Asks: 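Mind looking over this structure? Questions follow.
Atom set for the values below is all heavy atoms of this structure, side chains included, hydrogens, waters and symmetry mates excluded. Only a predicted model underlies this, so the values are computations on that prediction, with no experimental measurement involved.
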Amino acid sequence: MTAAENVCYTLINVASDSEPPSEVSLKADLEKGEIKAKTEALKKVIIMILNGEKLPGLLMTIIRFVLPLQDHTIKKLLLVFWEIVPKTTPDGKLLQEMILVCDAYRKDLQHPNEFIRGSTLRFLCKLKESELLEPLMPAIRACLEHRHSYVRRNAVLAIYTIYRNFEHLIPDAPELIHDFLVNEKDASCKRNAFMMLIHADQDRALDYLSTCIDQVHTFGDILQLVIVELIYKVCHANPSERARFIRCIYNLLQSSSPAVKYEAAGTLVTLSSAPTAIKAAAQCYIDLIIKESDNNVKLIVLDRLIELKEHPTHERVLQDLVMDILRVLSTPDLEVRKKTLQLSLDLVSSRNVEELVIVLKKEVIKTNNVSEHEDTDKYRQLLVRTLHSCSVRFPDMAANVIPVLMEFLSDTNEAAAADVLEFVREAIQRFDNLRPLIIEKMLEVFHAIKTVKIYRGALWILGEYCSTKEDIQSVMTEVRRSLGEIPIVENEIKKETGELKPEDEVSAAPAQKLVTEMGTYVTQSALSSSRPSKKEEDRPPLRGFLMDGDFYVAASLATTLTKVALRYVAIVQDKKKQNSFVAEAMLIMVTVLHLGKSSLPKKPITDDDVDRISLCLKVLSDCSPLMNDIFNKECRKSLSHMLTVRLEEEKLSQKKESEKRNVTVQADDPISFMQLTAKNEMTSKEDQFQLSLLAAMGNTQRKEAADPLASKLNKVTQLTGFSDPVYAEAYVHVNQYDIVLDVLVVNQTSDTLQNCTLELATLGDLKLVEKPSPLTLAPHDFANIKANVKVASTENGIIFGNIVYDVSGAASDRNCVVLSDIHIDIMDYIQPASCTDAEFRQMWAEFEWENKVTVNTNITDLNEYLQHILKSTNMKCLTPEKALSGFCGFMAANLYARSIFGEDALANVSIEKPIHLGPEAPVNGHIRIRAKSQGMALSLGDKINLSQKKTNI
């Protein structure tokens with residue numbers, strides 16, 4: 001084992017800008033200084049040794065002048081010093097001075113102060129020299145009978161670690177600890193003793209547990225946790241023991257400690273797949289989520305519930321608990337609510353959908369009463385989408401949901417109202433029987449709609465689906481009411497000049513309460529509209545939009561009026577009524593056109609909107625059958641086609657999901673009977689405790705990719721040349737939030753290299769955790785040095801540095817070999833993710849950093865280039881497959897990904913195939929990347945630039 005890999009349990013943070021003191025001044029402070037000076041000197045010595053200094057001359061000074069002191073701070077520092085100081089000579093023999101140290105610690109183990117005894121016992125757990133421990137064994141045994149629990153529990157830990165490392169020093173340790181456990185009363189001592197028996201002698205641990213299995217629920221939580229671990233390990237190794245312990249696990253589900261309940265529920269699920277066990281564990285998880293205040297805990301436990309759902313047999317049990325799961329919605333955190341709603345939606349069935357909808361409706365109404373907050377708006381959106389999905393899957397529910405949701409069309413939050421509108425549009429197209437109800441509710445809330453986008457959508461729905469004479473006339477009335485007095489231009493000029501008298505201004509509709517675009521309630525009446533100060537507030541909604549210069553709504557209005565007028569002509573036979581209705585529709589369009597061309601609005605009308613309104617006027621004046629078909633049939637057909645395609649996509653994704661979850665069993669697969677399975681075969685199942693420990697240590701065993709080129713060798717970076725005196729290469733291991741560099745250093749000379757040190761520095765959002773220790777390399781010897789680097793954000797980082805060393809016997813200065821830079825790949829932190837089109841557009845508008853990358857590639861096919869970019873960047877294509885299929889010479893696609901730090905990355909690929917340059921011409925175009933942070937946008941752009949060209953291997 002190299003010096004760099006010596007085990008050290010103590011990490012000390014050092015200020016990098018401090019000057020190292022000289023050995024002489026330290027010696028003087030340690031010999032003659034006051035207690036305070038000695039303390040500071042000892043701290044400096046510890047830091048210097050941690051940084052690789054040897055300081056052999058100070059060892060005897062510390063033994064003579066510092067070791068006899070009784071000051072507690074010095075005693076604590078000495079424990080750290082003896083842990084890190086080299087205790088052996090270069091040939092591996094123990095230093096003579098350590099005998100004096102050993103004697104001092106034997107005295108400390110018999111010290112009347114329990115703190116000194118306990119901390120000394122903790123230190124002994126870290127000693128790896130059996131010669132030092134052997135004389136201390138009688139004193140350690142005696143500490144098991146000390147009056148104070150702090151000493152006893154540390155004595156148990158010391159005996160455990162000594163037994164594990166040097167069994168010959170205390171061969172009777174399990175028996176000793178078993179006897180100690182039987183008579184012990186303190187919870188922490190019992191826990192340590194029981195944990196030792198689990199790992200050292202499992203049979204004795206089981207013997208003890210069987211004597212007190214009925215009292216387990218009365219034990220302290222730290223002991224209960226260890227008991228759960230023992231039961232899991234025993235049942236994992238020997239399934240026939242399950243019946244013996246399952247009742248104990250059931251009892252522990254009622255523990256007062258959340259940690260015990262969580263572990264017991266997890267163990268119960270792995271030990272039994274019976275519906276009662278799964279239900280008890282799930283109920284325990286739900287109670288934990290509701291009672292725990294920490295959102296991280298809630299999210300972790302929710303993930304366990306989602307894991308349970310993935311199992312087909314467990315899913316049926318969880319379906320009965322949907323209403324309990326919905327209790328989690330009382331949590332204010334949006335992420336928790338999002339996961340809960342998704343889980344409930346996955347579990348909902350025809351049996352409980354009605355209850356689910358009732359709860360969600362109550363939640364939606366609650367959000368209306370809560371003071372406006374960003375999360376409230378997002379939560380409302382989530383609820384609307386969940387209700388939307390419920391209604392699509394269970395059409396019978398739509399009639400209950402629609403009236404509640406329609407109220408939110410008048411909401412000031414455009415995103416929630418847009419979701420409601422999308423749902424209403426789909427419902428009115430799919431469910432013919434609900435059309436009258438939807439039209440009626442739409443007409444009720446139409447005048448209260450505050451945002452122009454929702455207003456446009458509502459106009460379209462009314463124009464498309466109003467089919468009776470009464471509904472069509474109601475639409476016209478609402479439009480007139482929303483537009484105010486016409487002609488608009490004359491009316492507005494009169495208001496400006498003050499010519500309009502209060503008694504002259506009479507509204508077409510009776511006095512009523514209105515909600516304006518500013519969100520205030522006003523009563524429209526003859527008196528209020530004459531006051532110039534109230535002029536802005538008193539404008540009806542549609543007139544307000546037009547005066548603000550938003551004439552896109554005018555084009556939508558013209559289309560709606562054309563549709564209802566053509567339908568009215570078809571329904572009503574009376575020519576006079578037909579002409580009157582068409583003339584009114586044309587008058588509204590003309591007055592809007594007039595307004596657009598005048599100087600009154602804030603922005604003039606665009607040419608596109610003028611063309612659209614003019615076309616609608618032409619259609620109404622001609623009334624040709626072809627135009628009637630286009631306006632009244634083709635529009636609806638295209639919507640129907642779009643909804644059908646979307647439904648097919650959803651079904652396809654659900655099918656893929658269910659195929660993933662359903663474990664396929666081949667006809668000739670062997671059947672495993674648990675009762676007939678040999679014990680050694682049982683170990684093939686994964687030990688959950690071992691897996692979680694490995695995950696915490698960052699040693700998760702990932703399955704190697706089938707592609708041999710995706711092996712570890714791909715991550716090896718050569719740092720120096722083959723002709724350099726020191727050859728170095730690094731394996732870069734990325735583990736989520738930190739990077740481990742495993743550097744192989746080879747001495748290629750015939751000299752001994754002393755103080756060979758790897759000096760590293762970082763650029764970007766990287767931080768070096770510790771300075772690697774110096775090494776001594778024999779001629780042609782090699783060693784591995786590990787260095788940890790912390791990562792704070794998704795940004796291309798660079799690690800650079802050099803190797804410095806002294807040649808043994810040479811009088812020259814230190815030698816230096818400069819290393820190549822190590823570039824940290826951003827792809828290790830980016831994961832594909834998905835979002836809706838609306839969310840994508842919103843983020844695209846919000847993100848301020850954009851990086852435009854010009855396509856420069858040798859790929860000649862558009863689809864192949866897109867797939868190559870997706871593979872190189874770990875992004876997900878949001879544009880549906882159907883939209884990308886076929887060949888038309890150009891392609892546009894939206895890509896999205898998220899980093900493990902929660903940062904979003906958006907990209908828009910706009911590429912074309914220059915056909916005029918021949919079939920072998922490469923793809924050209926641009927990729928625009930947007931992100932919240934500059935580093936993310938630049939790093940992703942660099943990655944695309946580096947990997948655009950396809951390499952033939």
Side-chain angles (χ1 to χ4, degrees), residues 9 70 72 75-76 78-80 82-83 98-99 101-213 215-216 218-227 229-230 233:
Y9 300 87
Q70 292 301 310
H72 283 202
K75 281 204 173 286
K76 189 76 177 167
L78 279 171
L79 294 177
V80 178
W82 295 124
E83 181 192 335
M98 296 313 289
I99 297 166
V101 178
C102 183
D103 187 57
Y105 281 117
R106 189 175 55 77
K107 287 174 184 170
D108 277 351
L109 286 174
Q110 295 164 346
H111 200 282
N113 184 292
E114 62 269 8
F115 169 75
I116 289 172
R117 273 205 197 198
S119 51
T120 308
L121 285 163
R122 283 181 79 101
F123 158 71
L124 295 180
C125 295
K126 302 170 189 177
L127 273 188
K128 291 285 177 281
E129 287 79 22
S130 58
E131 301 97 312
L132 284 176
L133 290 167
E134 196 169 357
L136 304 174
M137 291 317 298
I140 295 170
R141 282 172 178 264
C143 286
L144 279 176
E145 293 163 14
H146 193 271
R147 60 185 173 75
H148 203 285
S149 61
Y150 177 69
V151 177
R152 294 200 304 276
R153 70 167 176 260
N154 283 311
V156 172
L157 281 180
I159 289 170
Y160 172 38
T161 48
I162 294 165
Y163 177 77
R164 195 174 55 188
N165 297 324
F166 314 105
E167 192 177 329
H168 63 279
L169 292 179
I170 182 163
D172 62 335
E175 189 182 343
L176 180 72
I177 295 298
H178 182 267
D179 295 341
F180 168 80
L181 181 60
V182 170
N183 300 315
E184 183 56 55
K185 295 287 182 284
D186 182 73
S188 59
C189 298
K190 284 169 85 170
R191 180 255 179 203
N192 286 2
F194 194 72
M195 189 182 72
M196 179 195 160
L197 287 181
I198 289 174
H199 295 285
D201 190 344
Q202 209 172 82
D203 291 336
R204 285 184 192 275
L206 283 172
D207 287 345
Y208 173 73
L209 182 58
S210 56
T211 59
C212 59
I213 198 158
Q215 286 91 45
V216 165
T218 62
F219 291 167
D221 56 347
I222 52 174
L223 183 55
Q224 286 178 340
L225 279 170
V226 186
I227 288 171
E229 185 181 344
L230 171 68
K233 287 192 169 178

Asks: Kindly compute the distance separating CH2 (W82) from CD (E129), expressed to the nearest 0.5 Å.
Replies: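 Rounded to the nearest 0.5 Å, the CH2-CD separation comes to 12.0 Å.
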Asks: Does atom CD (E145) have a neighbourhood of more than 12 heavy atoms from anything else shown, all under 6.0 Å?
Replies: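 Not more than 12 within 6.0 Å, no.
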Asks: Considering non-hydrogen atoms only, spot the tightest contact between D186 and R152 and give its length.
Replies: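 Where D186 meets R152 most closely, the heavy atoms are CB-NH2, 3.8 Å.
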Asks: Should the pair R204 and Y208 be classed as cation-pi, given the thresholds of under 6.0 Å to the six-membered ring centre and 45° from the axis?
Replies: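 Ring-cation test returns no.
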Asks: In this structure, which one of L230, L157, I222 forms a side-chain contact (heavy atoms from CB on, under 4.5 Å) with M195?
Replies: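 With M195 as partner, L230, L157, I222 yield a single side-chain contact (heavy atoms from CB on, under 4.5 Å), made by L157.
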Asks: Between Q70 and H111, do the side chains contain a donor N or O and an acceptor N or O under 3.5 Å apart?
Replies: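 Their side chains do contain a donor-acceptor pair, which is all the 3.5 Å distance test asks for.
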Asks: Indicate yes or no: does E83 engage K126 in a salt bridge with an N to O separation below 4.0 Å.
Replies: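 The answer is yes: the pair qualifies as a salt bridge.
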Asks: On a heavy-atom basis, which atom in T161 and which in C125 lie closest, and how many Å separate them?
Replies: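 So the minimum-distance heavy-atom pair works out to OG1-CA, 3.5 Å.
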Asks: Donor-acceptor pair, distance only, cut-off 3.5 Å: does the side chain of R117 make one with the backbone of L109?
Replies: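 Pair found, side chain donor or acceptor close to backbone of L109.
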Asks: Could you note down all residue pairs passing ring pair (Phe, Tyr, Trp, His ring centres under 6.0 Å) where residues 116-135 supplies at least one of them, sequence neighbours left out?
Replies: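 Qualifying pairs: Y105-F123.
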Asks: Is the side chain of D103 donor-acceptor paired with the backbone N or O of I99 at a distance under 3.5 Å, no angle test?
Replies: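 No.
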Asks: Tell me the closest heavy-atom pair linking S149 and C189, and the distance in Å.
Replies: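 Residues S149 and C189, closest heavy atoms: O-SG, 3.5 Å.
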Asks: Salt bridge check, K75 against D108: does any charged N sit closer than 4.0 Å to a carboxylate O?
Replies: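 Yes.
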Asks: To check you understand the geometry: which heavy-atom pair defines the closest contact between I177 and M196, and what is its length?
Replies: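 Looking at all heavy atoms of both residues, the closest pair is CG1-SD, 3.3 Å.
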Asks: Taking the inter-plane angle between the rings of H148 and H146 on a 0 to 90° scale, is it parallel (under 30°), tilted (30 to 60°) or perpendicular (over 60°)?
Replies: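 Ring orientation, 0 to 90° scale: tilted.
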Asks: Distance from I170 atom CD1 to I140 atom CD1, nearest 0.5 Å?
Replies: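 Taking CD1 in I170 and CD1 in I140, the distance rounds to 7.5 Å.
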